[in-house]
Every structure is written in structure tokens, then in C-alpha cells.
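Structure first, commentary second.
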Amino acid sequence: MVSREAPQADTGTVNRVLRILSAFAAKDRWPLNELARELDLPRGSVHRLLKLCRPLGFVDQDAEGLYTAGIELYRVASKLSADMPINRLARPLLEGLRDATDETAMLVLLSRQELRMFFSDIAWPSHPLRYTVPLHQLQPLTWGAAGQSLLAFLEEEEIERAIGQAATSPLNGRPLDVPALRQTLAQIRRSGYATSYAERAPDMHGLAVPFFDKGGQVRGHIMLTIPNFRYDPAHQERYLQLLREAAAELTRRLGWK
């Protein structure tokens, strides 16, 4: 869900334009009426703001009349994502993990305001069969190692809010088992890592270790994903040790000792 209840000070034109542009990270093509409903804004206001964005290249309209991200929005987003400081800091660590395991290594970042996560960078292995995910698309924290390794280190009030907005399983639509999730989060806090199997993608194992910023706040995690047919439990501790070292180094680079 793109929309959220905004403070009264956040109802101006700039806020509305930014919310419209952010909607294209969640969905590529929007009918006008659906976008207005998603953002909980008047249809006429959304139409007017879209028309303001089109001449600048931030919004476009396809042959079916659906609104899409414009070329300028793609250009700016590509430039910023490629130059994102944390991506530059993490990239050598991801490549080192990939080379040491020949599995998919990923950088996942927390959007604390939204209480969601997104995949920010990926180092692909040589195998043709690997875990593919869309970059920069907000996803819930309540499913799989990718989300739960972050959720476990948030404040209790944030955990409650994330559980309250939890969607069904992205894999099979099953409802969230809240008591089981709470037990999993407690285990993650004790061990410092998260594991999961087939929670976001079929037949995929996930191993994730969080890293922290200079204030000691969880910022994201580094993870490996491994197809079940290549997964050997005897290698898990070695993989976790590699992840711990990479996450500790990224934490150090972010300034927390």
C-alpha cells in the first residue's frame, strides 16, 4: 500500500507530488482512478499534478492512457541508486561473499519510516538458477529472513505496527502466524542472524545477518540465498561466519564501533 496517514503539515503540493512519484516504485503503470484511490487523494488533484510532472519527464502516459514513470525519473533514480553511499561501501563485501560461496549475495535496506524493506544491490553468482528479486521495491518485514532479521531489532512499538500492517505470504497467500513470528524474532535477537526456507520464493533458503549504523540502529542486512537442491546444512555455519564478517565490516564502515 503506497498511501499512509500523513501528518497535517504534509498535505501540500510537494508532499503530494513526491507521493505520486513514489507510487511508481510499487507499480509500473497506474490508471488515474486507481492511483487516486491508492494515495487517498482527489482524482482531480492527482490529474493536475500528473500534468505538471509530464513536461519535465518525470511522468509519462502510455498508449492505453495509463500513467508510467518518465525517462527523467528513471535517469535520476538510476544515478542515485548507483551512487548510493551504502551501496558503494557494501559492493566489495557482496562480491566477496559471492566469490566465496558462488551463491547470490544481497544488500537489503530498511525503510524505517514505512516499516518495510527493499533489496538495494545484488552480486550474482555464475549459476543460471538463482534468486531474482526486483530492486528498490518496498516489501513487508514479517516474512522470511529478509524481513525478520530487521524486524527483530526494531522497537517494540514498531514491531507491533509492522505486525498490524502485515500482508499475507508473498509466496502462497497464507495468513501470518503471529505467535510463531514472535518466537522467531526472539530467536533472531539471541543468535544475531535469521534463516528461512520457502517464505518469499519456492525452494529457496535465506541466511541474513543485520548491520547497524553509527547510532547503533539497525540499517539493513547482508544475506545469501541458496536453492534447495544446492543447499547443504553442513555448510551453514561457514556461510553464517562469512555473513557475520561482512556485516561487521559494513557496520564498522558506517561508523559504529
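Between Tyr67 and Asp62, the side chains place no donor N or O within less than 3.5 Å of an acceptor N or O (distance only, hydrogens not considered). Of the N and O atoms on the side chains of Gln187 and Arg190, at least one donor lies less than 3.5 Å from an acceptor on the other residue.
Legend: residues meeting salt bridge (Lys or Arg N to Asp or Glu O under 4.0 Å) with Glu245, ordered by chain and number and at least two apart, are absent. In terms of the side chain to side chain contact (heavy atoms under 4.5 Å, CB included) criterion, Asp28 has no residue partners (sequence neighbours excluded). Among residues two or more places apart in sequence or in another chain, the salt bridge (Lys or Arg N to Asp or Glu O under 4.0 Å) test is passed with Glu155 by none. The side chain to side chain contact (heavy atoms under 4.5 Å, CB included) test applied to Pro202 returns Leu171, not counting sequence neighbours. Listed by chain and residue number, Glu156, Glu160, Ile163, Val178 satisfy the side chain to side chain contact (heavy atoms under 4.5 Å, CB included) test with Arg182 (two or more places apart in sequence, or in another chain). Evaluation of the side chain to side chain donor-acceptor pair (under 3.5 Å) rule for Ser169 yields Asn172 as partners, not counting sequence neighbours. Remark: Phe58 engages no residue in a ring pair (Phe, Tyr, Trp, His ring centres under 6.0 Å) (not counting sequence neighbours). Residues forming a side chain to side chain contact (heavy atoms under 4.5 Å, CB included) with Ala25 (at least two apart in sequence, or on another chain): none.
Without hydrogens or angle criteria, Asp102 side chain to Ser126 main chain gives a donor-acceptor distance under 3.5 Å. Under the 3.5 Å distance criterion, the side-chain polar atoms of Arg98 are matched with a main-chain donor or acceptor of Trp124. Looking only at distances, a side-chain donor or acceptor of Asn87 sits under 3.5 Å from a matching main-chain atom of Ser120. No side-chain donor-acceptor contact under 3.5 Å links Arg189 to the backbone of Thr184. In this structure, the side chain of His221 engages the main chain of Ala146 through a donor-acceptor pair within 3.5 Å.
Taking the side chain as every heavy atom from C-beta outward, Met106 and Leu94 never approach each other to under 4.5 Å. Using a 4.5 Å cut-off on side-chain heavy atoms (C-beta onward), Arg116 and Pro140 make contact. Using a 4.5 Å heavy-atom threshold, the side chains of Pro210 and Arg219 count as separate. Using a 4.5 Å heavy-atom cutoff, the side chains of Thr225 and Tyr231 are not in contact. In this structure the side chain of Gln139 reaches within 4.5 angstrom of the side chain of Phe119, judged on heavy atoms. For the pair Leu56 and Glu72, the minimum side-chain heavy-atom distance is 4.5 Å or more. Residues Trp30 and Ile20 are not in side-chain contact: their nearest non-hydrogen atoms beyond the backbone lie 4.5 Å or more apart. By the 4.5 Å heavy-atom criterion applied to side chains, Ser149 and Met223 are not counted as neighbours.
Arg19 CZ to Leu21 CG: the interatomic distance, rounded to the nearest 0.5 Å, is 12.0 Å. Within the model, atoms CZ of Arg16 and CG of Leu50 stand 12.5 Å from one another, a figure rounded to the nearest 0.5 Å. The distance from atom CG of Leu73 to atom CG of Asp60, rounded to the nearest 0.5 Å, is 11.0 Å. Tyr239 OH to Thr101 OG1: the interatomic distance, rounded to the nearest 0.5 Å, is 6.0 Å. The CD1 atom of Ile86 sits 6.0 Å away from the CG atom of Leu107 when rounded to the nearest 0.5 Å. A distance of 10.0 Å separates CZ in Arg252 from CG in Leu89, rounded to the nearest 0.5 Å.
In summary, the aromatic rings of Phe153 and Phe212 are positioned with their centroids under 6.0 Å apart.
Considering every non-hydrogen atom in both Lys214 and Leu254, the closest pair reads CB-O, 3.3 Å. Scanning both residues, Thr104 and Pro125, for their nearest heavy atoms gives OG1-CD, 3.3 Å. Listed here is the closest heavy atom pair of Arg43 and Ala36: CA-CB, 3.9 Å. A pairwise comparison of heavy atoms in Ala145 and Ser196 identifies N-OG, 2.9 Å as the closest pair. Leu35 and Ala23 make their closest contact through CD1-CB, 3.7 Å (heavy atoms, listed as atom of the first residue, atom of the second, distance). What you find for Cys53 and Val17 is that their closest heavy atoms are SG-CG1, 3.9 Å.
Electrostatic pairing of Glu237 and Arg244 counts as a salt bridge here, judged by a charged N lying under 4.0 Å from a carboxylate O.
Evaluation of the salt bridge (charged side-chain N to carboxylate O under 4.0 Å, His left out) test over residues 161-175, restricted to residues two or more places apart or in two chains, returns Glu157-Arg161. Every pair passing side-chain hydrogen bond (donor to acceptor under 3.5 Å, both in side chains) that includes a residue from residues 47-58 is listed here, sequence neighbours excluded: Arg54-Gln61. Within the structure, no pair that satisfies the ring pair (Phe, Tyr, Trp, His ring centres under 6.0 Å) test touches residues 155-193, not counting sequence neighbours.
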Go through the steps for Leu110 and Leu141 under the test side chain to side chain contact (heavy atoms under 4.5 Å, CB included), then give the verdict.
CA-CA 9 Å; Leu110 170 68; Leu141 297 175; 4.0 Å; yes
Before you tell me yes or no, could you show the steps for Leu224 and Leu242 under side chain to side chain contact (heavy atoms under 4.5 Å, CB included), namely the whole-Å CA-CA distance, both residues' side-chain angles and the distance that decides it to 0.1 Å?
CA-CA 10 Å; Leu224 288 171; Leu242 291 169; 5.8 Å; no
Please walk me through it: do Glu38 and Lys27 pass salt bridge (Lys or Arg N to Asp or Glu O under 4.0 Å)?
CA-CA 11 Å; Glu38 183 74 10; Lys27 186 175 177 179; over 6 Å; no
Using the rule given for salt bridge (Lys or Arg N to Asp or Glu O under 4.0 Å), can you reason through Arg37 versus Glu34, listing the C-alpha separation, both sets of side-chain angles and the distance that settles it, and then say yes or no?
CA-CA 5 Å; Arg37 286 195 301 271; Glu34 184 180 343; 5.2 Å; no
Might you work through the side chain to side chain contact (heavy atoms under 4.5 Å, CB included) test for Arg29 and Glu64, ending with a clear yes or no?
CA-CA 10 Å; Arg29 304 162 75 232; Glu64 299 177 24; 3.2 Å; yes
Ile159 vs Leu151, side chain to side chain contact (heavy atoms under 4.5 Å, CB included): CA-CA, chis, key distance, verdict
CA-CA 6 Å; Ile159 294 174; Leu151 185 61; 4.0 Å; yes
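Hydrophobic clustering (side-chain heavy atoms under 4.5 Å, transitive across Ile, Leu, Val, Met, Phe, Trp, Tyr) groups Leu176 together with Leu150. Put simply, Ile71 and Leu66 are part of two different groups of oily side chains (I, L, V, M, F, W, Y) that touch within less than 4.5 Å, one to the next. Follow the hydrophobic side-chain contacts under 4.5 Å out from Leu185 and you never reach Tyr197; the two are in separate clusters.
Residue Leu18 belongs to a hydrophobic cluster whose other members are Val14, with links defined by side-chain heavy atoms closer than 4.5 Å.
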